Novice: 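Here it is: the structure, laid out below.
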Amino acid sequence: MVKLVHGGDIYSARERIEGEIIDFSANINPLGLPDSVKKALIESMDAFSCYPDPLCRELVCKIAELEQVSKENVLCANGAADLIFRISWAMRPRNALIAVPTFAEYEQALSSVGCHVNYFSLKKENDFLLTEDFLNEIQPNTDIVFLCNPNNPTGQLIEPNLLERILVRCSSCGTLLVVDECFRDFLDEPQKNSMNSWISTFPNLLILRAFTKHYAMAGLRLGYCLCKNTPLLERMVQCGQPWGVSVPAQVAGLAALKDHDYLEQSRVLLREEKKYLLSSLQKLNIRPIGSRANYIFFQLTDSDDVSSFLEEKGILIRSCANYPGLSNEYYRIAIKSHADNEKLIAALTEFLQPPIIEPLVQETHTITIEEQNPNSEEMPSSPQNELVEEPKKSENPNENDTQEIVEETIPNIPNHDLSSPHSAEQKKQYRFLREKSKKYDWEEEEN
């Protein structure tokens with residue numbers, strides 16, 4: 001069976017969980033699919049019977065306009081992951097460099113063409129930030145470099161000056177630099193953290209973008225890349241099927257790019273909810289790391305079963321144990337609606353600060369039973385809870401000498417349903433009374 005390595009696998013979760021599932025493992029915009037996109041899809045349903053435009057002409061023109069690049073520098077595909085594999089198949093690189101931990105598809109695509117992958121380990125003591133030491137790892141025999149900015153899963157940004165120096169270094173070594181900017185639109189200042197202005201100058205630069213996360217279109221599958229290297233783009237086209245982008249995906253992409261209010265509303269919501277989550281995690285003594293995009297990355301020690309605990313409550317989070325350089329102490333959570341975020345914090349609080357249950361203290365009582373005159377016809381109404389009335393003193397002293405007062409100390413006996421079997425202790429106490437000529441409804445029971 002294929003081992004799934006990504007978050008967002010609600011389908012496997014449904015095999016284990018009944019009821020509602022809140023998925024914090026996939027970094028999807030909590031506003032969901034824009035209403036403008038839903039409307040456009042409904043109105044264009046008749047076109048779904050036609051083959052899609054293999055060149056995505058209308059969509060490419062709109063992307064080039066917004067990204068301020070030539071339309072010849074734009075290639076659309078079935079999500080950013082499709083483009084990552086097309087790059088590998090088109091180039092057939094022999095040596096690659098990746099800063100880890102990062103998105104798993106880079107290594108998977110490179111391995112599919114037999115490429116040797118070199119790893120640059122991001123250090124915990126640097127909060128997994130990319131440092132200048134990375135420059136020394138780029139060598140003339142390095143064919144391709146993959147960088148994710150902001151990085152997945154850490155949410156750390158690469159300092160702009162360092163990124164420019166990496167680009168220049170790659171250019172001098174004849175190395176293709178692939179910068180994954182799929183989470184760029186979740187940043188407070190997206191354009192200040194983009195390299196699209198360098199596209200026209202450096203043909204060895206390729207930028208990945210997608211509609212998956214910020215437009216909540218993961219199921220429609222739509223991504224694109226920006227690159228001036230026309231021969232490379234042509235080879236990438238040949239490495240995919242002719243109709244790689246469906247009609248619904250092209251329609252949805254055009255409608256989304258026209259909906260400017262949606263992205264602004266998303267940023268406002270995410271800004272407020274991130275503030276809430278960061279504050280709540282701090283109260284639980286959880287320190288987030290990086291987390292500049294629409295997800296929060298953190299370390300939680302001694303937490304081997306936190307994922308299982310949350311899953312029992314219908315909550316999925318992303319364990320980062322399968323990322324190179326990370327252990328099962330690291331997790332990533334998406335920023336969702338306030339109601340969902342509250343449920344997550346409540347569940348984490350229960351896991352980390354379980355309520356203290358005080359032990360029950362059982363009280364014991366001593367009951368004194370005084371025996372009546374054996375000749376008396378009165379019987380106590382309840383031998384369990386009442387005291388036998390003390391016989392009156394006779395005026396005849398001799399009679400008083402013949403009377404005996406018997407005291408017996410027994411434990412408190414709880415109220416008992418006469419229709420249920422009697423316990424051994426009850427029978428022992430009742431037997432004492434029966435031997436004094438008392439008769440009860442269970443008189444015929446065996447001793």
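Just so we're clear, the structure is a prediction, and the values are computed from it rather than from any experiment. One is the number of the first residue; the rest follow in order along the sequence.
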Novice: Quick one: list whatever passes ring pair (Phe, Tyr, Trp, His ring centres under 6.0 Å) with F146, sequence neighbours left out.
Specialist: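 F146 satisfies ring pair (Phe, Tyr, Trp, His ring centres under 6.0 Å) with Y106 only.
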Novice: Not counting sequence neighbours, list each pair that qualifies as a side-chain hydrogen bond (donor to acceptor under 3.5 Å, both in side chains) and has a residue in residues 37-52.
Specialist: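 Every candidate side-chain hydrogen bond (donor to acceptor under 3.5 Å, both in side chains) pair involving residues 37-52 fails, so no pair, neighbours aside, qualifies.
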Novice: Sort and list the pairs that fulfil salt bridge (Lys or Arg N to Asp or Glu O under 4.0 Å) and have at least one residue in residues 331-345, not counting sequence neighbours.
Specialist: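 Pairs touching residues 331-345 that pass the test: E20-K343.
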Novice: State which residues pass salt bridge (Lys or Arg N to Asp or Glu O under 4.0 Å) with R92; sequence neighbours excluded, sorted by chain then number.
Specialist: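 Applying salt bridge (Lys or Arg N to Asp or Glu O under 4.0 Å) to R92 gives none.
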Novice: With E132, which residues qualify under salt bridge (Lys or Arg N to Asp or Glu O under 4.0 Å), at least two apart?
Specialist: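 For E132, the residues satisfying salt bridge (Lys or Arg N to Asp or Glu O under 4.0 Å) (neighbours in sequence not counted) are R165.
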Novice: Could you work out, with salt bridge (Lys or Arg N to Asp or Glu O under 4.0 Å) as the rule, every residue matching E273, not counting sequence neighbours?
Specialist: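 Expected list: none.
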Novice: Could I get the full list of salt bridge (Lys or Arg N to Asp or Glu O under 4.0 Å) partners for D127, not counting sequence neighbours?
Specialist: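 R287.
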Novice: Checking Y119 now: which residues fulfil ring pair (Phe, Tyr, Trp, His ring centres under 6.0 Å) with it, not counting sequence neighbours?
Specialist: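 Not a single residue meets the ring pair (Phe, Tyr, Trp, His ring centres under 6.0 Å) criterion with Y119.
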Novice: With ring pair (Phe, Tyr, Trp, His ring centres under 6.0 Å) as the rule and sequence neighbours excluded, what pairs involving residues 69-88 come up?
Specialist: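 Listed by first then second residue: F85-W89.
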Novice: Check ring pair (Phe, Tyr, Trp, His ring centres under 6.0 Å) between H338 and all other residues, then give those that pass, not counting sequence neighbours.
Specialist: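 By the ring pair (Phe, Tyr, Trp, His ring centres under 6.0 Å) rule, H338 matches Y276.
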Novice: Among residues two or more places apart or on two chains, list those pairs meeting salt bridge (Lys or Arg N to Asp or Glu O under 4.0 Å) that have a residue in residues 254-266.
Specialist: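 Sorted pair list: E264-R267.
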Novice: Would you check if L269 and P30 make a side-chain contact, meaning some heavy-atom pair closer than 4.5 Å?
Specialist: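 Heavy-atom side-chain distance check passes, below 4.5 Å.
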Novice: Report the residues that fulfil ring pair (Phe, Tyr, Trp, His ring centres under 6.0 Å) with F24, sequence neighbours left out, ordered by chain and then residue number.
Specialist: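 None.
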